[in-house]
Amino acid sequence: MSQSTANVPAPAPRASSEDIPLNPKVHQHRTFGDWVIDVAIWVILALVVFVVLYPLWFIVIASFSDQTYVAQGQVLLWPKGFNVKGYEMVFADGRIWQGYWNTIVYSVVGTVLNIAVTIPAAFALSRREFKPRRVIMFLFTFTMFFAGGMIPNYLLYKELGLLNSMWVFILPQAVNVFNLIVARSFFESSIPNELFEAAQLDGESYYGFFFKIVIPLSAAIMAVIMLYYFVQHWNDFSTGLIYINKADKQSLQNVLRDILLANTSQTGSAMMNAAQQQLFADQIKYGIILVSTLPLLILYPFLQKYFNKGVMIGAVKG
């Protein structure tokens with residue numbers, strides 16, 4: 001009897017409620033306080049979404065509305081007094097198509113150069129066996145706080161022959177130090193050194209390790225940095241204003257500014273009163289805002305899935 005009892009296994013300890021994993025298919029008992037917190041969270045999120053999206057939606061509906069209704073505050077959710085005069089004035093100017101083409105070329109070529117410089121530099125600076133990396137990183141970071149200024153930059157670009165050239169939009173912005181730091185943090189935290197050791201055992205060099213292993217694993221952070229650089233080039237206004245005098249080299253932002261100023265001066269010469277002139281300028285202004293931001297709004301949804309993932313992966317892990 002005692003021998004049979006000794007062979008019986010002892011019952012397993014009873015799991016506490018904290019050890020039981022949460023099963024989403026099982027209905028959980030929710031208290032009144034839980035419902036209040038959920039409702040409060042949804043209300044706050046709805047307000048945040050409204051605050052973020054409504055200004056953009058207002059620009060869209062205002063650009064298709066009669067500006068008299070807009071000025072009177074009668075345009076809130078839908079266009080009123082359908083009017084496309086602003087878009088007609090914008091697209092009637094042939095310079096806008098040249099500006100679009102220039103900006104697309106500057107943004108695409110500039111982004112390719114940015115990625116070709118930033119990603120290898122960030123990878124090299126992330127390797128601990130690279131001894132000068134701290135000194136080089138300090139020199140990069142130094143440029144974030146101190147710069148020569150506009151006049152020295154102008155004289156430098158003039159000596160280099162960059163004035164009135166597409167390269168003035170591309171070469172001086174080849175590296176953004178903030179993006180370099182983000183990419184370096186990604187490589188340090190997300191590419192384990194064991195991968196490099198395994199690649200060395202297979203006979204791979206640094207170049208083989210970088211192109212065959214690191215690049216395929218860095219799609220998320222590369223997509224994020226590409227978006228950062230592309231938006232930076234697309235919205236670049238000051239470069240064309242300062243360093244470009246030729247109309248055929250101007251970017252879209254500068255062309256749209258010239259269109260706005262030209263039409264404003266034309267309305268003034270047509271003996272319009274101040275109120276009518278302001279309404280007409282506002283109509284063109286809303287159209288210009290939408291024309292300049294529409295390509296980015298189309299591009300962003302395709303990169304959104306990489307955006308959050310890349311930023312979180314590139315962050316410093318605790």
Please identify each residue that fulfils side-chain hydrogen bond (donor to acceptor under 3.5 Å, both in side chains) with [X], with sequence neighbours left out.
X: Thr103; result: none
X: Glu188; result: Arg133
X: Ser251; result: Asn254

Looking only at side chains, do Asn102 and Gln98 share a donor and an acceptor under 3.5 Å apart?
yes
Looking only at side chains, do Tyr286 and Ser65 share a donor and an acceptor under 3.5 Å apart?
no
For residues [X] and [Y], report the shortest heavy-atom separation together with the two atoms involved.
X: Ala122; Y: Leu180; answer: N-CD1, 3.5 Å
X: Ser63; Y: Leu290; answer: OG-CD2, 4.0 Å
X: Val75; Y: Lys80; answer: CG2-CB, 4.1 Å
X: Ala199; Y: Ile213; answer: CB-CD1, 3.9 Å
X: Ile225; Y: Ala183; answer: CD1-CB, 3.6 Å
X: Tyr54; Y: Leu77; answer: CE1-CD2, 4.2 Å

Give a yes or no on whether [X] and [Y] share a hydrophobic cluster (residues Ile, Leu, Val, Met, Phe, Trp, Tyr; joining criterion: side-chain heavy atoms under 4.5 Å apart).
X: Phe58; Y: Leu76; result: yes
X: Leu56; Y: Val49; result: no
X: Val52; Y: Val60; result: no
X: Phe82; Y: Ile61; result: yes
X: Trp42; Y: Phe50; result: no

Do the non-hydrogen side-chain atoms of [X] and [Y] ever get within less than 4.5 Å of each other?
X: Met166; Y: Leu171; value: no
X: Leu227; Y: Val231; value: yes
X: Gln173; Y: Thr239; value: yes
X: Trp78; Y: Trp57; value: yes

Quiz: residues 149-164 side-chain donor-acceptor pairs under 3.5 angstrom, not counting sequence neighbours:
residue : atom : partner : partner atom : Å
Asn153  : ND2  : Gly149  : O            : 3.0
Asn164  : OD1  : Asn245  : N            : 2.5
Asn164  : OD1  : Lys246  : N            : 3.4

Start with the C-alpha gap between Ile181 and Phe140, add the side-chain angles, then the distance that decides, and say whether side-chain contact (heavy atoms from CB on, under 4.5 Å) holds.
CA-CA 9 Å; Ile181 294 174; Phe140 273 118; over 6 Å; no
How long is the straight-line distance from [atom2] of [Y] back to [atom1] of [X], given to the nearest 0.5 Å?
X: Leu125; Y: Ser185; atom1: CG; atom2: OG; value: 11.0 Å
X: Phe237; Y: Leu252; atom1: CZ; atom2: CG; value: 11.5 Å
X: Ile288; Y: Ile96; atom1: CD1; atom2: CD1; value: 8.0 Å
X: Asp236; Y: Tyr106; atom1: CG; atom2: OH; value: 10.5 Å
X: Phe186; Y: Leu217; atom1: CZ; atom2: CG; value: 7.0 Å
X: Phe169; Y: Gln232; atom1: CZ; atom2: CD; value: 12.5 Å

Please evaluate residues Phe123 and Ile191 with respect to the criterion side-chain contact (heavy atoms from CB on, under 4.5 Å), reporting the C-alpha separation (whole Å), side-chain torsions for both, the decisive distance (0.1 Å), and the verdict.
CA-CA 10 Å; Phe123 172 71; Ile191 305 297; 5.5 Å; no
Students often mix this up, so state it plainly: with edges at 30° and 60°, are the rings of Trp234 and Phe230 parallel, tilted or perpendicular?
parallel
Mind checking whether Phe142 and Phe138 have parallel, tilted or perpendicular rings, split at 30° and 60°?
tilted
Step by step, work out the side-chain contact (heavy atoms from CB on, under 4.5 Å) result for Leu294 and Ile298.
CA-CA 6 Å; Leu294 186 60; Ile298 295 175; 4.1 Å; yes
Which residue is it: Thr111, Asn114, Thr118, Asn176? I am looking for the one with a side-chain hydrogen bond (donor to acceptor under 3.5 Å, both in side chains) to Tyr229.
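Output: one option passes, namely Thr118.
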With sequence neighbours excluded, what pairs up with Arg95 under the salt bridge (Lys or Arg N to Asp or Glu O under 4.0 Å) test?
Asp93
Is it the case that over 12 heavy atoms from other parts of the model lie below 6.0 angstrom from the CZ atom of Phe178?
no
Check: Val255 main-chain N/O paired with Asp258 side-chain donor or acceptor under 3.5 Å
no
According to the side chain to side chain donor-acceptor pair (under 3.5 Å) rule, which pairs have a member within residues 205-214, sequence neighbours left out?
Glu129-Tyr206, Glu204-Lys212
Quick one, Ile119 with Ile215, criterion side-chain contact (heavy atoms from CB on, under 4.5 Å). Give me CA distance, side-chain angles, the key distance, then yes/no.
CA-CA 9 Å; Ile119 297 300; Ile215 292 298; 4.0 Å; yes
